[in-house]
Protein chains: 2
Amino acid sequence: MRKIAESTVRRLSLYLRFLEDFEEQGIDTVSSDALATRGHTTSAQVRKDLSFFGSFGKRGLGYSVPELASRIRDILGLGRAYRVAVIGAGNLGAALVHFSGFDRHGFHVVSLYDSDPKKIGTERNGLAVRDQKDLEADMAEELADIAIIVTPASVAQELVDRLVGAGVKAFLNFAPVQLKVPDDVVVKTVSLALELEALSYGLRNR
Amino acid sequence: MRKIAESTVRRLSLYLRFLEDFEEQGIDTVSSDALATRGHTTSAQVRKDLSFFGSFGKRGLGYSVPELASRIRDILGLGRAYRVAVIGAGNLGAALVHFSGFDRHGFHVVSLYDSDPKKIGTERNGLAVRDQKDLEADMAEELADIAIIVTPASVAQELVDRLVGAGVKAFLNFAPVQLKVPDDVVVKTVSLALELEALSYGLRNR
DNA sequence: CTATGTGAATGATTTCACAGCT
DNA sequence: AGCTGTGAAATCATTCACATAG
C-alpha cells in the first residue's frame with residue numbers, strides 16, 4: 001500500500017470524531033464540505049484524504065455517516081481492542097489510567113508500572129501499581145499492544161528497550177527524549193515543553 | 001518576517017533541548033551533523049532551519065553550543081517568564097501543575113481552576129483550586145499568558161471564549177474539540193485519542 | 001443539478017550539492 | 001581541510017477544476 005502522510009492519518013481521526021458527533025445528532029448523510037468546515041480544512045482535502053483508501057461517497061449526495069465512520073475505523077485499525085500498559089505511576093501516569101476517551105475507541109489501560117517500592121502494590125485510580133522488574137514476565141504472559149511512557153527522561157530509553165525486547169510494537173512517549181526503536185516499532189512522542197515553546201514562538205509575532 | 005513552518009519551529013525546540021544536554025556535558029562546539037544525528041534528521045535540515053533566522057555558525061568549525069542555545073531561545077521567545085493558568089482540576093490538570101520541565105524554560109503554573117464546589121478551595125499538588133466563576137476577575141488583576149485547557153470537551157469552547165475575552169492570547173488544549181479563536185490567538189491542541197489512533201494505524205501495516 | 005473522485009497545477013518542505021569562510 | 005550557508009532540484013502535500021455518477 002502507498003505510503004500515507006501522517007497529516008492525512010491525523011485528519012482521518014478528526015473526521016471520525018466529527019462523524020460520531022453527527023451520528024449522535026441523528027444526521028445520516030454528510031458532504032465533504034460539511035466535514036471540512038468542522039475540521040478547519042477544505043472539501044478537496046477531505047475527498048483527497050479519503051481517495052487514498054477508496055471511494056466511499058455517492059456523487060451528488062455525499063457520504064453515509066455510519067458507513068464512512070465504519071470505513072475510517074477500518075482504515076485506522078480500530079476494529080479491535082488494544083491493551084495499553086502505562087509505564088510510570090507519577091501524577092501524569094495515574095491521570096492517564098482513566099483518561100476518559102481512551103476506552104471510547106477500544107484502548108484499555110490494563111496495567112500500570114513503577115520502580116518506586118513505596119508505590120508498588122498500592123492502587124492509583126483503581127489500578128494496582130506493579131513492579132517494573134516484572135515487566136518482561138508480565139509481558140510474556142499477556143503482551144500489551146501499546147505502552148505509554150510516563151517516566152523520567154533518564155530511564156525512558158532503557159524501559160523502551162526492555163519493552164521492545166518483550167515484543168511491544170507501539171509507544172506513546174511523554175518523556176522529553178527522542179526514543180530509538182527498530183523499524184517495525186511505532187512511536188509517537190507528545191512533548192508538553194515543545195508545545196509550550198511553539199506557543200511561545202506564536203506569541204512572539206503579534 | 002517570513003512565515004516559518006510549524007515543523008521548523010518544532011525542530012528548533014528539539015535542537016535547543018539537545019544543546020542544553022551538550023552544555024551539561026561540557027561540550028562547547030557542535031556541528032549541524034551532530035545535532036541532526038541526535039534529532040533523527042539531516043545536517044542540511046538543521047542548517048536550513050537555522051538559516052531562516054540568521055547565520056550562527058563558523059564555517060569549518062560548527063556552532064558554539066551556548067551561543068546557538070541562546071539564539072534559539074531568542075527565536076522562540078523564551079527570554080521571559082510565562083504565567084500559565086490550568087483550567088480544570090481533574091487528574092490531568094492536577095498532574096500538569098507540577099509537571100517537571102514546565103519551569104525549566106520559564107513556564108510557571110500560577111493558578112488552577114475548576115467549577116466543582118467540592119474541589120474549589122482545596123489544594124491539588126500545592127496549588128489552591130480557584131472558582132471558575134472568578135476567571136474574569138482574576139485575569140483582570142493578573143493576566144495569564146497561557147491557559148491550559150483540561151476540561152471536559154463540552155465546556156472547553158465556552159471557557160476559551162471567556163478567557164479570550166479576558167485577554168488570554170495562547171492556549172494549550174487537551175480537550176478533544178477543535179477550538180475556535182480569533183486570528184490573534186494561538187492554540188495548540190494535544191489529542192491523546194488522536195495519537196493513539198495514529199499508533200493504531202501504524203500498527204496496521206506490519 | 002449536486003457533490004464526488006481525481007489528474008494536473010500549484011505551493012511548501014526537504015534534500016542536494018557546492019561555493020565561500022575560517 | 002572542514003563545515004557552514006544557500007540557491008537550485010527534487011520530493012511531498014494541498015488546492016484547483018472538471019468530467020463523471022447519482
Side-chain angles (χ1 to χ4, degrees), chain A residues 1-15 18-19 22 27-72 75 178 198 201-202, chain B residues 1-15 18-19 22 27-72 75 178 194 198 201-202 205:
Chain A
M1 186 197 278
R2 219 202 102 186
K3 169 100 180 330
I4 300 297
E6 173 82 15
S7 51
T8 293
V9 174
R10 298 176 73 92
R11 281 192 300 268
L12 288 176
S13 281
L14 259 190
Y15 304 157
F18 301 153
L19 287 164
F22 286 135
I27 297 164
D28 56 25
T29 290
V30 83
S31 66
S32 55
D33 196 54
L35 281 172
T37 306
R38 198 72 196 290
H40 292 155
T41 180
T42 66
S43 62
Q45 180 76 78
V46 172
R47 296 199 301 277
K48 180 63 85 181
D49 286 338
L50 295 172
S51 77
F52 295 129
F53 300 97
S55 46
F56 310 128
K58 287 194 182 43
R59 287 169 197 243
L61 185 58
Y63 303 87
S64 150
V65 169
E67 195 203 311
L68 185 56
S70 161
R71 295 310 201 98
I72 294 181
I75 292 166
Q178 200 82 352
Y201 178 80
Chain B
M1 186 197 279
R2 218 201 105 187
K3 169 102 180 326
I4 299 297
E6 173 82 14
S7 50
T8 293
V9 174
R10 297 175 72 91
R11 280 192 301 267
L12 289 176
S13 281
L14 259 191
Y15 303 156
F18 301 152
L19 287 165
F22 287 134
I27 297 165
D28 57 23
T29 290
V30 84
S31 67
S32 56
D33 196 54
L35 282 171
T37 306
R38 197 73 197 289
H40 291 156
T41 180
T42 66
S43 62
Q45 180 76 79
V46 172
R47 295 198 302 276
K48 180 65 85 180
D49 286 337
L50 295 173
S51 77
F52 295 130
F53 300 97
S55 45
F56 310 129
K58 286 194 183 42
R59 288 169 198 241
L61 185 59
Y63 302 87
S64 149
V65 169
E67 194 203 313
L68 185 56
S70 161
R71 295 310 200 97
I72 294 181
I75 292 166
Q178 200 82 353
L194 199 137
Y201 177 80
N205 312 304

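Judged purely by atom type and a 3.5 angstrom limit, Ser70(B) has no side-chain atom pairing as donor or acceptor with the backbone of Pro66(B).
A straight line from CG of Leu50(A) to P of dA3(C) spans 16 Å, rounded to a whole angstrom. Distance Lys3(B) NZ to dG11(C) P: 14 Å, rounded to the nearest Å. Distance Leu68(B) CG to dT4(D) P: 10 Å, rounded to the nearest Å. Between the CZ atom of Arg10(B) and the P atom of dT14(C) there is a distance of 12 Å, given to the nearest Å. One can place NZ of Lys48(B) at 16 Å from C1' of dC3(D), the figure rounded to the nearest angstrom. Atom-to-atom, CZ of Phe52(B) to C1' of dT13(C) comes out at 8 Å; the value is rounded to the nearest Å. Atom CD in Gln45(B) sits about 14 Å away from atom C1' in dT6(D), given to the nearest Å. In this structure, CG of Asp33(B) is placed 16 Å from P of dA17(C), rounded to the nearest angstrom.
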With side chain to side chain contact (heavy atoms under 4.5 Å, CB included) as the test, would you mind laying out the steps for Tyr63(B) and Leu19(B) before giving the verdict?
CA-CA 10 Å; Tyr63(B) 302 87; Leu19(B) 287 165; over 6 Å; no

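Position along DNA chain D of the nearest nucleotide to Glu6(A) versus Ser31(B) favours Ser31(B) as the more 5'-ward residue. Residue Thr42(A) is the one, among Thr42(A) and Leu61(A), whose nearest nucleotide of DNA chain D lies closer to the 5' end (criterion: closest heavy atom).
Out of dT6(C), dA8(D), dT4(D), the shortest distance to the side chain of Arg47(B) is found at dT4(D). Distances were taken from every side-chain heavy atom of Arg11(A) (C-beta onward) to each of dT14(D), dT13(C), dT4(C); the shortest belongs to dT14(D). Which of dA17(C), dT14(D), dC16(D) sits closest to the side chain of Ala44(A) comes down to dC16(D). Distance from the side chain of Tyr63(B) is smallest for dT4(D) among the nucleotides dT6(D), dT4(D), dA17(D).
When side chains are defined from C-beta on, Phe52(A) does not count as touching Leu12(A), because their heavy atoms never get closer than 4.5 Å. In this structure, the side chains of Ile4(B) and Tyr201(A) come closer than 4.5 Å at one or more pairs of heavy atoms.
When heavy atoms are screened at a 4.0 angstrom cut-off, Ser7(B) is found touching the sugar-phosphate backbone but no base atom.
Side-chain atoms of Arg59(B) stay outside donor-acceptor range of the base of dT22(C), with no qualifying N/O pair under 3.5 Å.
Taking side-chain N and O atoms only, Ser32(B) has a distance below 4.0 Å to OP1 or OP2 of dT4(D).
Both the sub-6.0 Å distance and the 45° axial angle are satisfied by Arg38(A) relative to the ring of Phe22(A).
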